[in-house]
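One-based numbering, in listed order, for ligands and for the atoms of each. Just so it is clear, the model here is predicted, and its values are computed rather than measured.
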Amino acid sequence: MIILDGKALSLRILDGVREKISHLACQPHLVVILVGDDTASRIYVNNKKKAAENTGIKSTIIELPLTTTENELISIIRELNQDNGVTGILVQLPLPEHINKNKIIDEISPKKDVDGFTPENVGRLAIGLEPYFYPATPQGIIMLLDEYKIPIEGANAVILGRSNIVGKPMAHMLLKRNATVTICHSYTKELESKIKTADILISAVGKKIVRCKMDRNNSCIVDVGIFRDTNGKLTGDVDFDLVSPSCGYISPVPGGVGPMTIASLMYNASKVY
Ligand code: GUN
């Protein structure tokens, strides 16, 4: 069994991004908008800022109070869309309940949408047109699979979770590479038998859900989940000790998908349209 070392690959990708930026005529500028005071979101946003600064990307965090209205947020995004000095806009999710997430995402200029979440970028991906940006987590996972030369064409890819951030774009990206894709979710029947058929298993649920041995000893398991267990230890969706002896490749938590997501986001933020 081989560990998919996302930390090591992410450092090489960030080196490449830093090198590319050092030759750019204009410095990319990423603006991250954080509404409210969710602790986890604040940590994610600070990590994004740190990674941007380390690669030579200018970054600004706009912190807005929980009471911010939908219209106030829309006006800020419209101003950033018009600002030629801003090359990337990211609205940290989740947003407070009184704000319609999809309405906000729809306001971001597709050419500054470093998350790849706008209808235009999602639609371009879905119909096989190149989006301006691919969503960071699935893009980072594809980079990791390619690094370890995991065959995607013709593979049975099983995705657990159907979120707009991971599951759905992951399915499109794997389809684009000619995998046979199954998306499983909370209503899926006989989940374990579907998990076992995977050549590539991507788990993005946020619960300890993969607890069975795999049927194919060369299968590749990518764990997107990250949360703290009852002892406060960081863990993922996959029962690593149980599952890892039955597969060919597995990504650890931490040190797998997490650092790849950040590197992939910086790769996006270095693109200037
Ligand atoms: N919240 C959790 N993941 C993400 C992400 O990839 N982008 C944004 N904007 N918010 C998130």
Side-chain angles (χ1 to χ4, degrees), residues 6 10 13 30-52 57 59-64 68 70 73-74 76-77 80-81 86-97 99-122 125 131-144 159-173 202-207 222-228 234 236-237 253-254 256-269 271:
S10 73
I13 290 167
L30 172 67
V31 175
V32 178
I33 302 175
L34 175 64
V35 185
D37 48 14
D38 182 75
T39 312
S41 290
R42 189 174 295 274
I43 293 170
Y44 293 142
V45 162
N46 286 337
N47 286 343
K48 288 169 188 178
K49 184 173 170 65
K50 250 186 260 165
I57 297 168
S59 74
T60 305
I61 300 177
I62 299 181
E63 290 193 36
L64 300 170
T68 305
E70 203 169 84
L73 186 51
I74 288 172
I76 291 169
I77 293 170
L80 295 170
N81 285 339
V86 173
T87 56
I89 303 168
L90 184 154
V91 178
Q92 186 65 27
L93 302 175
L95 284 169
E97 288 209 343
I99 297 178
N100 181 330
K101 168 188 75 173
N102 286 337
K103 222 170 133 183
I104 296 303
I105 290 171
D106 195 22
E107 288 291 335
I108 301 170
S109 162
K111 293 185 177 177
K112 298 188 180 187
D113 167 31
V114 290
D115 266 327
F117 289 170
T118 60
E120 181 164 347
N121 283 320
V122 173
L125 175 59
Y132 296 107
F133 299 95
Y134 289 92
T137 301
Q139 175 173 255
I141 291 170
I142 295 278
M143 289 169 172
L144 196 56
I159 300 168
L160 311 184
R162 53 175 158 175
S163 70
N164 291 342
I165 296 180
V166 184
K168 282 190 251 177
M170 189 79 254
H172 283 301
M173 291 178 76
I202 315 272
S203 187
V205 174
K207 279 196 282 202
V222 178
D223 193 343
V224 186
I226 185 155
F227 51 95
R228 290 194 187 275
L234 273 186
D237 291 358
V253 177
V257 173
M260 286 305 299
T261 295
I262 288 272
S264 166
L265 179 66
M266 294 307 124
Y267 172 84
N268 281 353
K271 281 191 185 178

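When side chains are defined from C-beta on, Thr137 counts as touching Val257, because their heavy atoms get closer than 4.5 Å.
Val224 approaches Ile202 most closely through the heavy-atom pair CG2-CG2, 3.9 Å. Residue Glu107 comes nearest to Ile77 through the heavy atom pair O-CG2, 3.7 Å, listed as atom of the first residue, atom of the second, then distance. Across all their heavy atoms, Asn81 and Lys112 have their closest contact at O-NZ, 3.0 Å.
Looking at Gln139 and Asn268, their side chains do bring a donor and an acceptor atom within 3.5 Å of each other.
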Once you restrict both partners to nitrogen or oxygen, which atoms of ligand 1 have a protein partner under 3.5 Å, and how far apart are they?
unit_1: ligand 1; atom_1: 1 (N); unit_2: Gln92; atom_2: NE2; d: 3.3
unit_1: ligand 1; atom_1: 1 (N); unit_2: Leu93; atom_2: O; d: 2.9
unit_1: ligand 1; atom_1: 7 (N); unit_2: Asp115; atom_2: OD1; d: 3.2
unit_1: ligand 1; atom_1: 7 (N); unit_2: Asp115; atom_2: OD2; d: 3.3
unit_1: ligand 1; atom_1: 9 (N); unit_2: Val91; atom_2: O; d: 2.8
unit_1: ligand 1; atom_1: 9 (N); unit_2: Asp115; atom_2: OD2; d: 2.6
unit_1: ligand 1; atom_1: 10 (N); unit_2: Leu93; atom_2: N; d: 3.0

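Figure legend: Lys271 and Tyr132 shown without cation-pi pairing, the cationic atom not lying both under 6.0 angstrom from the six-membered ring centre and within 45 degrees of its axis.
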